[in-house]
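Got a structure for you, written out below as structure tokens; questions coming shortly.
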Amino acid sequence: MRIPDFKLERYFARWEFSAPYLLCTSDIEGWRMSELLAIADPEALRRWESLTLGYTESTGLPALREAIAGLYTSVSAEQVLTFAGAEEAVFVLMNVLLGPGDHAVVTWPGYQSLYEVARATGAEVTLLPLKEEEGWELDLGAVRQALRPETRLLVVNFPHNPTGALPGPATFEALCELAEERGIYLLSDEVYRLLEHAPVRTLPAAVERTSRGLSLGVMSKAFGLAGLRVGWLALRDAELLRKCAAYKDYTTICNSAPSEVLALIALRAKEKVLARSRAILEDNLKRLDAFFERHADTFRWVRPRAGSVAFPRLLRDMPVSAFCQALVEREGVLLLPGDVYDFPGNHFRLGLGRTQMPEALARLERFCEATFR
């Protein structure tokens, strides 16, 4: 397999652990171990205290799969397969489903592995652009036009990274019906699900709406536990699940035992965990509303409907990559230029989920005033 460098991850490898103010990360502020253990139920705490650091079941700890299934309606633990993060799930699924002669359609901008891993299997990929002037909305007509007789997989990501877009229920239902009608799999990257800014907008998971639906989840985003590296696929197709489980034997084989139990603790206390995440987002969105109002001559943004990221545009006559480079060097504030998505328009990704937002915004504001006065 030959695959291009992952531009976003290479960018983070350069800056994430040296820049003091991360204003572009997609996860929610990480939990401290002591805080997470403090909300554990008695049974899960006993699991933690008596944990043996050996191999785990390759499909995932049964109690963890049951807790993940509880995030959905009409999904059983047997329809859940766990992975070392969502990235591994994408890699395994693409290699099981796709190959030379196949075709995939993927929304764009987006997480690079959602299309580059597909290409690396030998499949042809059509990128489906979302447009700022349309509020980053999904165009069902464009989806239909992109499909071919050889299309095997349609990949969407809602709530969307990096724009924060979220389609309405009718659009999502029509998308699921289209996949069913055409007999193609619908990989729904739902890693930001449950972070809707108005919970009433939460969409059903793809696995709940169609037998062709494959729902991708992870503990990293809504649950603020990126360090656990626990992700999953929920799907109804038993044969596809079996093939993915067999392919996983060539990647990680099984998950980390401590990570599985810590993920179980968080899922059993999901109301508390999600309330914390949503409170952080709510506070930061208020700050950003005021910031973008003050700097309307410098930035334009489509306010995100869901998730922990947004994709504003720099309006000044300065390449966004140069803007981000100067900002991190002078103020220690890291933004992610849209160049890492190969997406035009001078956009950058803004992260909404960290508690250091007030100080980071103050430094960004100081930088803008000095640069564009």
Quick one: side chains of residues 78-86, donor-acceptor pairs under 3.5 Å with protein atoms, not counting sequence neighbours, listed by atom name and distance.
residue : atom : partner : partner atom : Å
E78     : OE1  : S76     : OG           : 3.4
Q79     : OE1  : S76     : N            : 3.0
Q79     : OE1  : S76     : OG           : 3.4
T82     : OG1  : T59     : O            : 3.1
T82     : OG1  : N255    : ND2          : 3.2

Kindly state whether the ring of F6 and the ring of Y111 have centres lying under 6.0 angstrom apart. yes
Partners meeting ring-ring contact (aromatic ring centres under 6.0 Å, His included) with H295 (sequence neighbours left out): F291
Taken in chain and number order and not counting sequence neighbours, the residues that satisfy side chain to side chain donor-acceptor pair (under 3.5 Å) with Y72 are W232
Qualifying side-chain hydrogen bond (donor to acceptor under 3.5 Å, both in side chains) pairs with a residue from residues 318-338, counting only residues at least two apart or across chains: Q325-E329, E331-R363, E331-R366
Aromatic ring centroids of W108 and Y341 under 6.0 Å? no
Applying ring-ring contact (aromatic ring centres under 6.0 Å, His included) to Y21 and not counting sequence neighbours gives none
Quick one: ring-ring contact (aromatic ring centres under 6.0 Å, His included) pairs with a partner in residues 348-373, sequence neighbours left out? F299-F348, F323-F367
Can you list every pair that meets ring-ring contact (aromatic ring centres under 6.0 Å, His included) and has a residue in residues 138-157, with sequence neighbours left out? none
Of all pairs that satisfy salt bridge (charged side-chain N to carboxylate O under 4.0 Å, His left out), the ones with a partner from residues 278-290, not counting sequence neighbours: E282-K286, D289-R303
Anything under 3.5 Å between a donor and an acceptor, one on a side chain of residues 218-226, the other on a protein residue two or more places apart or in another chain? List them.
residue : atom : partner : partner atom : Å
S220    : OG   : R229    : NH1          : 3.4
K221    : NZ   : S26     : OG           : 2.6

Which pairs with one or both residues in residues 170-182 pass salt bridge (charged side-chain N to carboxylate O under 4.0 Å, His left out), sequence neighbours excluded? E173-R209
Review item, side-chain donor-acceptor pairs of residues 116-129, under 3.5 Å, at least two apart:
residue : atom : partner : partner atom : Å
E116    : OE2  : R119    : NH1          : 3.2
T121    : OG1  : A118    : O            : 2.6
T121    : OG1  : A123    : N            : 3.4
E124    : OE1  : R148    : NH1          : 3.0
E124    : OE2  : R148    : NH1          : 3.2
E124    : OE2  : R148    : NH2          : 3.1
T126    : OG1  : H103    : NE2          : 2.7

Looking at residues at least two apart in the chain, or sitting in another chain, which of them share a ring-ring contact (aromatic ring centres under 6.0 Å, His included) with Y192? none
